[in-house]
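Just below is one structure, and these are the notes that go with it.
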Amino acid sequence: MTACPLPLPAGDRVLLGHGSGGKLSADLLRDVFLAAFRNPVLARLDDQAIVSINGLRLAFTTDSFVVKPLFFPGGDIGSLAVHGTVNDLAMGGAQPLYLSAAFIIEEGLPISVLRRVVASLQEAAAGAGVTVVTGDTKVVEKGSGDGLFINTTGLGVVADTVRLSADQARPGDRVLLSGPIGDHGIAILAQREGLEFEGSIASDSAPLHTLVAAMLAASRDIRCLRDPTRGGLSSTLNEFAAQAQVGIEIDERAIPVREAVRGACELLGLDPLYVANEGKLVAVVAPGAAERVLAAMRGHPLGREAALIGTVTAVHPRLVTMRTVVGPTRIVDMLSGDQLPRIC
Ligand code: MG
């Protein structure tokens with residue numbers, strides 16, 4: 001007798017999809033964590049907490065990395081652990097300064113692998129101008145982990161004049177994207193499954209704080225920034241729409257996707273809007289500042305292919321819609337389920 005393929009109802013157990021960055025992650029965050037930790041800083045639901053200590057505005061964030069495999073084209077768990085946390089600081093307009101690095105190691109991991117990851121983490125930190133100033137090491141029995149997990153916490157300072165938060169998007173604002181989407185998720189998937197695609201696909205993993213600095217130098221009329229990592233561009237736009245109680249309309253033709261990534265997505269039945277990125281950002285900017293900010297992005301090596309992809313609207317609050325290549329408009333919902341587990 002064959003087993004019934006129906007999915008189990010999402011009830012009393014954690015599912016892989018709860019780590020996807022989409023709908024299930026948002027449910028878990030709301031029902032378990034926000035319910036317990038309720039406070040005004042956390043309630044802003046930005047990528048980082050910004051707290052004031054003796055008048056100094058500090059950005060503070062943490063992220064755990066469980067990517068599988070540990071090494072992939074364009075990076076590894078070490079460089080990713082730096083870029084992910086640096087970017088969450090940068091999305092608050094912070095200058096990233098210090099990192100912690102905690103390693104949860106499975107018994108049996110070759111020391112040579114650990115050395116390689118640590119060297120890569122240090123190289124990425126130096127490249128991003130941050131220093132690893134504290135850390136931790138734990139070892140779990142063989143079978144209790146999957147080689148190596150890393151947690152990094154980041155600390156940075158935010159200038160007094162910088163106020164970026166997802167709830168600031170206003171109808172009429174423009175939505176900018178810093179470059180082609182989907183590279184990271186597809187690169188990980190290809191490496192994990194041993195798939196080969198037409199054209200090479202590498203992770204876009206990169207630190208974005210200097211791109212943000214260039215954008216802020218061009219205009220202070222930037223409302224909010226976010227890096228579309230897990231859950232992809234669709235989840236980031238839905239988060240903006242929910243937090244600011246606005247609608248967002250995007251144009252599919254304006255969204256850059258590399259040919260190789262588009263081809264891979266078609267083959268695998270994936271939508272690039274839901275595939276993770278590790279070196280891209282989405283900006284919501286005041287209409288009058290859009291051109292200047294876009295020019296500043298294109299003048300930076302990590303924003304050369306930046307594009308204006310949409311507009312914030314009052315018409316359908318909390319909803320993201322997309323005018324498709326073929327004409328009609330469709331709703332772009334948050335990722336549901338787990339499209340690609342363990343991509344970061
Ligand atoms: Mg983020």
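We count ligands from 1, going down the list as the structure has it; atoms in each ligand are counted the same way. Keep in mind that this is a model prediction, so the values were computed, not measured. The first residue in the sequence is number 1, and the count goes up from there.
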Inset, instruction - Inspect the surroundings of CG in Leu56 and state if more than 12 heavy atoms from other residues, nucleotides or ligands are less than 6.0 Å away. - result: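 Yes.
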Inset, instruction - Could you tell me whether Arg57 atom CZ has more than 12 heavy atoms of other residues or ligands within 6.0 Å of it? - result: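 It does: Arg57 CZ has more than 12 such atoms within range.
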Inset, instruction - Would you check if the side chain of Ser219 reaches a backbone N or O of Asp221 as a donor-acceptor pair within less than 3.5 Å? - result: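 Yes, Ser219 side chain to Asp221 backbone: donor-acceptor pair under 3.5 Å.
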Legend entry - Main-chain N/O of Ala241 paired with Asn238 side-chain donor or acceptor, under 3.5 Å: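 Checking the backbone N and O of Ala241 against the side chain of Asn238, no donor-acceptor pair under 3.5 Å is found.
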Inset, instruction - Indicate whether the side chain of Asp47 and that of Thr61 have a donor and an acceptor atom separated by less than 3.5 Å. - result: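 There is no such pair (donor and acceptor under 3.5 Å, judged by atom type) between the side chains of Asp47 and Thr61.
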Inset, instruction - Kindly indicate whether the side chain of Ser178, heavy atoms from C-beta on, has any atom under 4.5 Å from the side chain of Leu211. - result: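 Yes, their side chains come closer than 4.5 Å.
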Inset, instruction - Go around the Mg ion (ligand 1) and count every protein N, O or S atom nearer than 2.8 Å. - result: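 That number is 3, waters not included.
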